[in-house]
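Okay, so here's the structure we're looking at.
These values consider heavy atoms only, across backbone and side chains, with no hydrogens, waters or symmetry-generated copies. Treat the numbers as computed from the prediction; the structure is a model and nothing was measured.
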Amino acid sequence: MQVTYNSFLPTYKTPFGAVTQQTPVQFTIGIQSVTPVKQVDLCVAHDGQWDDEATLPLRPVSPTTYTTTFIPTQVGLYFYYFRIETATTTVFYGCVDAAMAAPVCNTFCENTFRCTN
């Protein structure tokens, strides 16, 4: 599986950087997989509210591109990652140690992207 996402590029996240409450943020991810993709989710949690994680399904806009919109309801820091499910595996894709995105693990982990507003 090859995943393409770069939060610094408007192709993948718009707008870039911090946003005010109620500002829609569009997330787009590219996925090329030999095994058909069954489901792609954006998982978002407000800092310190890990038990209240939101899961937003991404809709396909092409055979290899998926998108969704997240609207922050609170001021503060948000963390997010992508969950990609195929017929044979589930992959979690997010930021590792503030570096560029990479597969983080095949089970839940807290290495995620940061999004401020």
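At least one side-chain heavy atom of I84 sits under 4.5 Å from a side-chain heavy atom of M1. For the pair V37 and Q39, the minimum side-chain heavy-atom distance is 4.5 Å or more. Taking the side chain as every heavy atom from C-beta outward, V19 and P72 approach each other to under 4.5 Å. Two residues are said to be in side-chain contact when any heavy atoms from C-beta on lie closer than 4.5 Å; F82 and L58 meet this criterion. Residues Y81 and Y93 are not in side-chain contact: their nearest non-hydrogen atoms beyond the backbone lie 4.5 Å or more apart. With contacts defined as side-chain heavy-atom distances shorter than 4.5 Å, the pair Q49/Q74 qualifies. With contacts defined as side-chain heavy-atom distances shorter than 4.5 Å, the pair I71/Q22 qualifies. In this structure, the side chains of R83 and C43 come closer than 4.5 Å at one or more pairs of heavy atoms.
A perpendicular orientation is assigned to the rings of Y5 and Y12, their planes being inclined by more than 60° (bins at 30° and 60°).
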Residues 23-33, side-chain donor-acceptor partners within the protein, below 3.5 Å, at least two apart:
from	atom 1	to	atom 2	distance (Å)
T23	OG1	T20	O	3.0
T23	OG1	T20	OG1	2.9
Q26	NE2	T67	OG1	3.0
T28	OG1	T67	OG1	3.0
S33	OG	T35	N	3.3
S33	OG	T35	O	2.6

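Under the rule for a side-chain hydrogen bond (donor to acceptor under 3.5 Å, both in side chains), T55 has no partner lying at least two apart in sequence or in another chain. Every residue meeting the side-chain contact (heavy atoms from CB on, under 4.5 Å) condition with P60, not counting sequence neighbours, appears here in chain and number order: Y66.
Separating the CZ atom in F70 from the NZ atom in K13 is a distance of 10.5 Å, to the nearest 0.5 Å. The line from CD of E53 to CZ of F79 is 12.0 Å long, rounded to the nearest 0.5 Å. For the atom pair CZ of F16 and OG1 of T14, the computed distance is 11.0 Å after rounding to the nearest 0.5 Å.
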> Is there a side-chain contact (heavy atoms from CB on, under 4.5 Å) between E85 and T90 once you walk through the steps?
Replying inline: CA-CA 4 Å; E85 182 183 347; T90 299; 3.8 Å; yes
